[in-house]
Amino acid sequence: GKITAKKIAKHSIGQIHFPNVSNFSNFKAHIQEVKNHLIDLANMGPCQTMFKRGGGVINLKIRKLNKPDGGEIAVIHVLVDTRDAMGANI
């Protein structure tokens, strides 16, 4: 068979997992409070070359996963506009 692919977006998504969050609501509220600061830090540090080319970290999204034991995992999705880079060298 033949495999074809289409580029639908130029964004990559990275994930940061916090496996033992005791209060997801508080975690999410705190991350939302400092979200812009975290994005700025990423764009001044690890993503600064992408940022200089017009890309870099553009958003953070917070997600909750339920563990089988009843606990919670928090996941921060880091949306990155990689521009012409693959995103592998962030």
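In this structure, Ile16 is not a member of the same hydrophobic cluster as Leu79, with clusters built from ILVMFWY side-chain heavy atoms closer than 4.5 Å. In the hydrophobic cluster analysis, where Ile, Leu, Val, Met, Phe, Trp and Tyr join through side-chain heavy atoms closer than 4.5 angstrom, Ile62 is grouped together with Leu38. Under a hydrophobic-cluster definition in which Ile, Leu, Val, Met, Phe, Trp and Tyr are linked whenever side-chain heavy atoms come within less than 4.5 Å, directly or via other members, Ile58 and Val78 are assigned to different clusters.
Note that the CZ atom of Arg83 and the SG atom of Cys47 stand 13.0 Å from one another [nearest 0.5 Å]. With rounding to the nearest 0.5 Å, the separation of CD1 in Ile31 from NZ in Lys35 is 11.0 Å.
Considering only heavy atoms from C-beta on, Lys28 stays 4.5 Å or farther from Asn26 through its side chain. Annotation: side chain of Met50 is in contact with side chain of Thr82 (closest heavy-atom distance under 4.5 Å). Residues Asp81 and His11 have side chains in contact (heavy-atom distance under 4.5 Å, counting atoms from C-beta outward).
Applying the ring-ring contact (aromatic ring centres under 6.0 Å, His included) test to residues at least two apart or on different chains, the pairs with a partner in residues 19-58 are Phe18-Phe27.
Here the shortest heavy-atom pairing between Asn59 and Ile39 reads CA-CD1, 3.9 Å.
Legend: residues meeting side-chain contact (heavy atoms from CB on, under 4.5 Å) with Ile73, ordered by chain and number and at least two apart, are His17, Leu65, Lys67, Val75.
At distances below 3.5 Å, at least one donor-acceptor pair connects side-chain atoms of Asn43 with backbone N or O atoms of Val57. Not a single donor-acceptor pair under 3.5 Å links the side chain of Arg63 to the backbone N or O of His77.
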